[in-house]
Visitor: 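First the structure, which I've put down as structure tokens, then a few questions once you've had a look.
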Amino acid sequence: MNFVKRAAHSLTARKGRTAMLLGIFLVIGVLLLGSSLLRGATARQEADAQRRIGVDVTVRGDGLTTETAAALGGSPLVERYNPTLRGTTAPPGLVPVTPDAPEPAGAEDDGRDDAGGDGLALSGIRDSGLLLDFARGRTELVAGRGITAQDADREVLLLEERLAERNGLRVGDTVELASPDGAVRTPFEIIGLYRSPLPTPAEWVPPRDIPANQLYAPLPAVSALGFGTAPDEAVLKVGSPDAARELAALAGQLLGPDGFRADINDKAYREQVEPIQRVGALAGVFGWLASLGGAAVLGLIVTLEIRSRRAELGMLLSLGEQKWKLIGQHTAEAVAVAVPALALAAVLGLALARPAGEALLPPSPDGPVPLLMTAGDVGSVAAIGLGIALVATVLPGAGIVRLHPRSLLTHSE
């Protein structure tokens with residue numbers, strides 16, 4: 001009789017053993033598929049966190065210019081960058097937001113600079129989305145849009161909504177900004193209004209120090225007003241702490257070792273990514289445990305099965321059956337059980353992995369992370385499951401090669 005037919009007959013005759021093998025393979029398949037789905041979900045969530053949060057590298061130094069900032073921003077490590085040039089301007093006709101407290105005597109003289117005591121803070125930037133408060137969602141746009149790299153050649157402006165309300169301004173209106181000495185005036189179009197969470201101080205402070213009086217414009221336009229060409233700092237967004245360290249080393253080469261400083265802010269990144277990485281590592285451990293444990297249990301079952309069927313093996317060998325076919329019979333039995341078990345595991349794995357993912361994975365701002373089953377996931381799990389079936393049957397069955405019909409039949413009597 002063909003060994004495949006004998007395997008089918010054996011599975012039919014030994015229904016209890018067949019059911020036990022089916023259950024073991026089902027558990028192995030569900031664990032392997034669940035582990036694969038969780039690893040895929042963690043990889044997608046980690047990539048999303050890297051894209052959404054990233055790591056900020058803030059570079060400061062005497063050698064920082066718009067050219068060196070652009071060189072750093074052009075590195076393959078950098079996703080986005082934002083040099084910042086700060087100054088104080090006194091826009092004619094623009095009334096600043098002030099505290100309700102009266103201005104103390106002598107404060108005007110103490111706080112006066114080239115722009116005057118009523119000067120407002122002006123920041124020349126490249127990308128408002130990389131400003132710390134904007135990036136973390138503390139400051140939000142309430143009208144219009146933010147400043148982007150495409151605004152480099154334009155005179156556009158971001159205003160805080162309290163300053164806009166006080167002066168009756170809205171998106172599309174024009175405001176004149178003045179140079180530090182007031183000699184140069186340039187009209188700027190308001191393209192966006194933002195809301196700062198910081199309140200107006202109760203005590204008197206200079207207008208430029210009040211959050212509502214912070215103005216943002218493209219850095220080239222601010223530089224053209226006479227505020228200089230060297231940015232105070234440059235914030236560069238990269239995808240990981242390792243990339244941040246590489247970028248800091250590159251900044252040191254461009255700016256020189258003296259007067260150079262690079263601060264890496266990866267706190268938000270680590271708070272979001274490290275829990276995701278732990279879940280992915282845990283899923284990988286589950287996969288390995290399922291593979292090794294499943295192979296060990298199946299190997300033990302096959303070993304006991306071979307010992308209990310020594311008389312059958314001796315009879316077949318005495319009839320001239322080849323030893324590899326006996327091993328092939330046990331392998332065919334295991335594979336015949338593994339295939340339907342893995343197919344059923346593909347159905348149950350997604351249903352069981354979803355609540356596990358919701359419980360283990362940290363929440364995402366975009367909602368629950370979907371557990372997507374692909375043909376690759378099913379194929380890899382099927383390959384591992386069949387590999388376990390082969391290892392668990394071929395290794396114990398290899399002992400058959402050393403046996404002889406007479407010893408088997410004598411031992412079984």
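In what follows, every heavy atom counts, from backbone to side chain, and hydrogens, waters and symmetry copies are set aside. Treat the numbers as computed from the prediction; the structure is a model and nothing was measured.
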Visitor: Can you tell if the side chain of Leu85 reaches within under 4.5 Å of the side chain of Ser223, non-hydrogen atoms only?
Guide: yes
Visitor: Test side chain to side chain contact (heavy atoms under 4.5 Å, CB included) on Leu122 and Leu215; report intermediate values, then the result.
Guide: CA-CA 5 Å; Leu122 174 63; Leu215 312 179; 3.9 Å; yes
Visitor: For Asp133 and Arg138, indicate whether the former's side chain and the latter's backbone hold a donor-acceptor pair under 3.5 Å.
Guide: no
Visitor: So, taking the atom named NZ in Lys237 and the one named CG in Asn265, what distance separates them when rounded to the nearest 0.5 Å?
Guide: 12.0 Å
Visitor: Does a side-chain heavy-atom distance below 4.5 Å link Tyr81 with Arg126?
Guide: yes
Visitor: Working to the nearest 0.5 angstrom, can you tell me the gap between Leu219 CG and Arg86 CZ?
Guide: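 That separation rounds to 11.0 Å.
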Visitor: Minimum heavy-atom separation for Gly146 to Ile191, with atom names?
Guide: O-CD1, 3.8 Å
Visitor: Any salt bridge linking Asp127 with Arg80? Criterion: basic side-chain nitrogen under 4.0 Å from a carboxylate oxygen.
Guide: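 Yes, charged N to carboxylate O under 4.0 Å.
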Visitor: When you measure from the side chain of Asn213 to the backbone N and O of Val97, does any donor-acceptor pair fall under 3.5 Å?
Guide: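 Checked: pair present.
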Visitor: Calculate, to the nearest 0.5 Å, the distance between atoms CZ and CG belonging to Arg60 and Leu255 respectively.
Guide: 12.5 Å
Visitor: Could you give the distance from CG (Leu344) to CG (Leu22), rounded to the nearest 0.5 Å?
Guide: 7.5 Å
Visitor: Could you check whether Arg145 pairs with Asp151 (Lys NZ or Arg NE/NH1/NH2 to Asp/Glu carboxylate O, under 4.0 Å)?
Guide: yes
Visitor: Under 3.5 Å, is there a donor-acceptor pair between the side chain of Thr139 and the main chain of Ser196?
Guide: no
Visitor: Where the side chain of Thr89 meets the backbone of Ala178, is there a donor-acceptor pair that is under 3.5 Å apart?
Guide: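 Looks like yes, one N/O pair under 3.5 Å.
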Visitor: Provide the closest heavy-atom pair for Gln214 versus Ala121 in the form atom of the first, atom of the second, distance.
Guide: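 Shortest heavy-atom contact: OE1-CB, 3.2 Å.
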Visitor: Please report the closest heavy-atom contact between Val55 and Ala244, naming both atoms and the distance.
Guide: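 Smallest heavy-atom distance, with atoms named: CG1-CB, 3.8 Å.
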Visitor: Pick out which of Glu176, Glu155, Arg154 makes a side chain to side chain contact (heavy atoms under 4.5 Å, CB included) with Phe188.
Guide: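 Between Phe188 and the candidates, side chain to side chain contact (heavy atoms under 4.5 Å, CB included) is satisfied uniquely by Glu155.
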Visitor: Would you say that Val235 contacts Thr84 through its side chain, given a criterion of any heavy-atom pair below 4.5 Å between the two side chains?
Guide: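 Contact flag for Val235/Thr84 side chains = no.
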Visitor: Mind checking whether Thr98 and Arg166 have side chains closer than 4.5 Å, heavy atoms only?
Guide: yes
Visitor: Would a 4.5 Å heavy-atom cut-off, applied to side chains only, mark Thr66 and Pro83 as touching?
Guide: no
Visitor: Using side chain to side chain contact (heavy atoms under 4.5 Å, CB included), reason through Leu94 and Leu169 one step at a time and then give a plain yes or no.
Guide: CA-CA 10 Å; Leu94 191 62; Leu169 298 172; 3.7 Å; yes
Visitor: What distance separates Ile384 CD1 from Ile28 CD1, expressed to the nearest 0.5 Å?
Guide: 11.0 Å
Visitor: Give the intermediate values and the outcome of side chain to side chain contact (heavy atoms under 4.5 Å, CB included) for residues Ile190 and Thr174.
Guide: CA-CA 6 Å; Ile190 301 173; Thr174 300; over 6 Å; no
Visitor: Would one find more than 12 heavy atoms of other residues, nucleotides or ligands at under 6.0 Å from atom CZ of Arg170?
Guide: no
Visitor: At their closest point, which heavy atom of Ala217 faces which heavy atom of Val222, and how far apart are they?
Guide: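 So the minimum-distance heavy-atom pair works out to CB-CG2, 3.8 Å.
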Visitor: Can you tell me if Asn167 uses its side chain to pair, donor with acceptor, with the backbone of Leu163 under 3.5 Å?
Guide: yes
Visitor: Is there side-chain contact between Met20 and Ile24, with at least one heavy-atom pair below 4.5 Å?
Guide: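 The answer is yes; the side chains approach within 4.5 Å.
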Visitor: For Leu254 versus Thr68, what's the shortest heavy-atom pair and its separation?
Guide: CD1-O, 4.4 Å
Visitor: Could you please spell out the steps behind the side chain to side chain contact (heavy atoms under 4.5 Å, CB included) verdict for Asp56 and Leu236?
Guide: CA-CA 6 Å; Asp56 290 340; Leu236 305 105; over 6 Å; no
Visitor: Between Leu120 and Thr88, is there a side-chain heavy-atom distance shorter than 4.5 Å?
Guide: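 SC-SC contact between Thr88 and Leu120 ruled out.
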Visitor: To check you understand the geometry: which heavy-atom pair defines the closest contact between Leu193 and Leu158, and what is its length?
Guide: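 Smallest interatomic distance, heavy atoms only, reads N-CD2, 4.3 Å.
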Visitor: Indicate whether the side chain of Ser240 and that of Asp242 have a donor and an acceptor atom separated by less than 3.5 Å.
Guide: no
Visitor: Would you call Tyr216 and Ser123 a side-chain contact if the rule is heavy atoms closer than 4.5 Å?
Guide: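 Side-chain contact under 4.5 Å: yes.
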Visitor: Check whether Thr42 reaches the backbone of Leu38 with its side chain - one donor and one acceptor, N or O, closer than 3.5 Å.
Guide: yes
Visitor: For the OG atom of Ser380 and the CG atom of Leu32, what is their distance to the nearest 0.5 Å?
Guide: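 CG of Leu32 is found 8.5 Å from OG of Ser380.
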